[in-house]
Asker: 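Quick one: the structure is below, questions incoming.
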Amino acid sequence: KTLTSGRQAYLSHRERALRQRIAIVELDLLTQGKPTLDFSREGLPEHHYTVTVTRATTPDRYEIYTSTVQKRLPKFKLPLAPDDRDTVIDLQLAVIRAYEQGGFAQTIDYQSPLPSVVVFDEESRRWIADRLAE
């Protein structure tokens with residue numbers, strides 16, 4: 001998303017998947033760089049993070065789930081095989097499990113300032129600082 005070569009490789013991979021009629025779920029948890037999907041943000045609530053689901057049967061439509069840093073990450077419907085019902089993924093729970101099992105509490109320095117490339121408004125930065133001070 002942030003480097004031209006990686007972005008182009010991703011977009012090419014995405015295009016191949018769409019041509020093959022494969023459902024795509026995209027998690028955008030980065031707060032910098034240009035979004036990889038070009039769609040109107042009009043009518044969406046203010047957000048930092050998005051989950052976008054593109055179904056194989058309707059590749060020109062997106063299901064969009066949003067969240068802010070102050071709120072839990074969304075649950076979203078994951079399309080499976082055409083004759084199967086969607087399953088619901090709780091992204092917040094998945095991130096918590098990955099964090100705990102990956103040992104990130106011991107490897108991330110939460111006392112250092114946020115890097116300048118991490119784009120949050122001042123209110124969100126204060127909210128983050130308050131949570132880390134607890």
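When a residue number appears, it is its place in the shown sequence, counting from 1.
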Asker: With side chains defined as the heavy atoms from C-beta onward, is the minimum distance between Gln70 and Arg131 less than 4.5 Å?
Answerer: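 Contact flag for Gln70/Arg131 side chains = no.
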
Asker: I'd like to know if the side chain of Arg14 and the backbone of Ala9 have a donor-acceptor N/O pair within less than 3.5 Å.
Answerer: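 Looks like no, no N/O pair under 3.5 Å.
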
Asker: Applying a strict under-4.5 Å side-chain criterion to I, L, V, M, F, W and Y, I'd like to know whether Val95 and Leu27 cluster together.
Answerer: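 They do share one cluster, since a chain of ILVMFWY contacts under 4.5 Å joins Val95 to Leu27.
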
Asker: Is any side-chain heavy atom of Leu78 closer than 4.5 Å to a side-chain heavy atom of Val25?
Answerer: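 Yes; the side chains approach each other to less than 4.5 Å.
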
Asker: As an exercise, state the distance from OG1 of Thr68 to CZ of Phe120, rounded to the nearest 0.5 Å.
Answerer: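 The OG1 atom of Thr68 sits 9.0 Å away from the CZ atom of Phe120.
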
Asker: Does any part of the side chain of Thr36, heavy atoms only, come nearer than 4.5 Å to the side chain of Arg7, both counted from C-beta?
Answerer: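 Of all side-chain heavy-atom pairs linking Thr36 with Arg7, at least one is under 4.5 Å.
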
Asker: Answer yes or no: does atom CZ of Arg72 have more than 12 heavy-atom neighbours from other residues, nucleotides or ligands under 6.0 Å?
Answerer: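 Yes, the 6.0 Å shell around CZ holds more than 12 heavy atoms from other groups.
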
Asker: Transitively linked via ILVMFWY side-chain contacts under 4.5 Å: Ile89 with Ile96?
Answerer: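 No, Ile89 does not connect to Ile96 through the hydrophobic network.
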
Asker: Inspect the contact between Asp86 and Arg55 and indicate whether a charged nitrogen and a carboxylate oxygen are less than 4.0 angstrom apart.
Answerer: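 Yes, Arg55 and Asp86 are salt-bridged.
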
Asker: Please tell me if the side chains of Arg41 and Pro35 come closer than 4.5 Å, counting only heavy atoms from C-beta onward.
Answerer: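 Contact flag for Arg41/Pro35 side chains = yes.
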
Asker: With no hydrogens and no angle check, is any side-chain donor or acceptor of His47 less than 3.5 Å from a backbone partner on Ser67?
Answerer: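 No; zero donor-acceptor contacts below 3.5 Å.
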
Asker: Could you check if a side-chain atom of Pro74 sits within less than 4.5 angstrom of a side-chain atom of Thr66, using non-hydrogen atoms only?
Answerer: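 Of all side-chain heavy-atom pairs linking Thr66 with Pro74, none is under 4.5 Å.
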
Asker: Heavy atoms only: give me the nearest Ala23-Pro79 pair and the separation to one decimal.
Answerer: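 Here Ala23 and Pro79 meet closest at CB-CG, 3.9 Å.
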
Asker: Examine Ile22 and Val51 and state if one hydrophobic cluster contains both, with Ile, Leu, Val, Met, Phe, Trp and Tyr joined whenever side-chain heavy atoms are less than 4.5 Å apart.
Answerer: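 Result: no, two separate clusters.
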
Asker: Under the 3.5 angstrom rule, does the side chain of Ser40 hit a backbone N or O of Glu42 as a donor-acceptor pair?
Answerer: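 Present.
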
Asker: Under a 4.5 Å side-chain heavy-atom rule over Ile, Leu, Val, Met, Phe, Trp and Tyr, are Leu29 and Phe76 clustered together?
Answerer: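 Same cluster.
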
Asker: Hey, are the side chains of Tyr49 and Asp28 touching, using non-hydrogen atoms and a 4.5 Å cut-off?
Answerer: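 A side-chain contact under 4.5 Å is absent here.
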
Asker: With a cutoff of under 4.5 Å between side-chain heavy atoms, which Ile, Leu, Val, Met, Phe, Trp and Tyr residues group with Leu37?
Answerer: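 Taking Ile, Leu, Val, Met, Phe, Trp and Tyr as members, Leu37 shares its hydrophobic cluster with Phe39, Leu44, Tyr62, Ile64.
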
Asker: Side chain to side chain donor-acceptor pair (under 3.5 Å) for Gln8 and Tyr10? Distances and angles first, verdict last.
Answerer: CA-CA 5 Å; Gln8 193 54 48; Tyr10 173 76; over 6 Å; no

